Amino acid sequence: MKEKNRKEKPERSRHPVKNNIYLLSVLWKIAPGRVISQFIVRFIITGVWVFSSLIFMQYFFGSGKLDRSFSEAVIFLIFALMLSLLREAYSSWHYDRYSLISDQRIIRELYLMLFEKAGNVDMGCYDNTEFFNSYTKAASELVEKSQDVLEKCADILSNILSIIVVVVWLLKISPIIGLIAMIPALSILLFGRLSSKVSF
């Protein structure tokens, strides 16, 4: 039995994506609003960055900058300022208030789920040092790992969307620049995949 357990561990470690999806599904069942809000805040932050890096710069420094009136430029600046204020307001509410409250519920439900599973295990398993060490490690890392997975999944998805937007935008300007921009973009995605394997 012990040899079988030793063989299963490397096998599970080869599937970090499945582990992430499972933890994300657990968080969704406990607090779907927390999951949605985490993705929204990352989309807003990344979206404002893309807007500032591409649209804002092209609007004021692009080829058609001389064709715009002063009032149009002011309206655009007000719109850009409102986007920045939206980013700051939502980020502050999410991180300083909503996530702190919802995370308490997530912590409680995760520990209840873990204790319920531990209660259904045969008492003789606790005499097994390997099982006891695995259980205590899972209990100590469960909350931190689940929150880390949620943040990383939101970051990865928002980054993928931003990379697609930036590459498409650059391809419209110059196909050569767009193709060159794909190299660091693919490198970032590859590095993210490798780091996720190391985490699990």
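Computed from a predicted model, the values in this text were never measured in an experiment.
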Solution key, residues 23-30 side-chain donor-acceptor pairs under 3.5 Å, sequence neighbours excluded:
| residue | atom | partner | partner atom | Å |
| --- | --- | --- | --- | --- |
| S25 | OG | I21 | O | 3.3 |
| S25 | OG | Y22 | O | 2.5 |

Task: Q38/R34 under side-chain hydrogen bond (donor to acceptor under 3.5 Å, both in side chains): CA gap, chis, key distance, verdict - done: CA-CA 6 Å; Q38 183 65 41; R34 173 71 170 85; 2.9 Å; yes
TODO: Establish whether L85 and L77 are linked, either directly or via other cluster members, by ILVMFWY side-chain heavy-atom contacts under 4.5 Å.
DONE: no
Open item on the list: Below 30° counts as parallel, above 60° as perpendicular, anything between as tilted: where do the rings of F79 and F51 land?
Closed with: perpendicular
- [ ] Please report the closest heavy-atom contact between V165 and V50, naming both atoms and the distance.
- [x] CG1-CG1, 3.8 Å
Task: Shared hydrophobic cluster for L86 and Y95 (ILVMFWY, side-chain gaps under 4.5 Å) - done: no
Task: Derivation of the side chain to side chain contact (heavy atoms under 4.5 Å, CB included) call for S91 and I44 - done: CA-CA 9 Å; S91 298; I44 292 177; 5.8 Å; no
Open item on the list: Would you compute the distance between atom OG of S146 and atom CD1 of I106 and round it to the nearest 0.5 angstrom?
Closed with: 7.0 Å
Open item on the list: C153 and side-chain contact (heavy atoms from CB on, under 4.5 Å): which single residue from V149, L157, L150 fits?
Closed with: V149
Task: Pairwise side-chain contact, N20 with K152, heavy-atom cut-off 4.5 Å (strictly under) - done: no
Open item on the list: Using every non-hydrogen atom in the two residues, find where G33 and Y98 come nearest and quote the distance to one decimal.
Closed with: C-OH, 3.1 Å
- [ ] Determine yes or no for a side-chain-to-main-chain donor-acceptor pair under 3.5 angstrom, with S52 supplying the side chain and V48 the backbone.
- [x] yes
TODO: Starting at OG of S37, measure out to CZ of R42 and round the result to the nearest 0.5 Å.
DONE: 12.0 Å
Open item on the list: Classify the ring geometry of Y90 against H94: parallel below 30°, tilted from 30° to 60°, perpendicular beyond 60°.
Closed with: parallel
Task: Backbone of D155 reached by a side-chain donor or acceptor of N159 within 3.5 Å - done: yes
Task: Spatial distance of atom NZ (K145) from atom CG (L110) [nearest 0.5 Å] - done: 13.5 Å
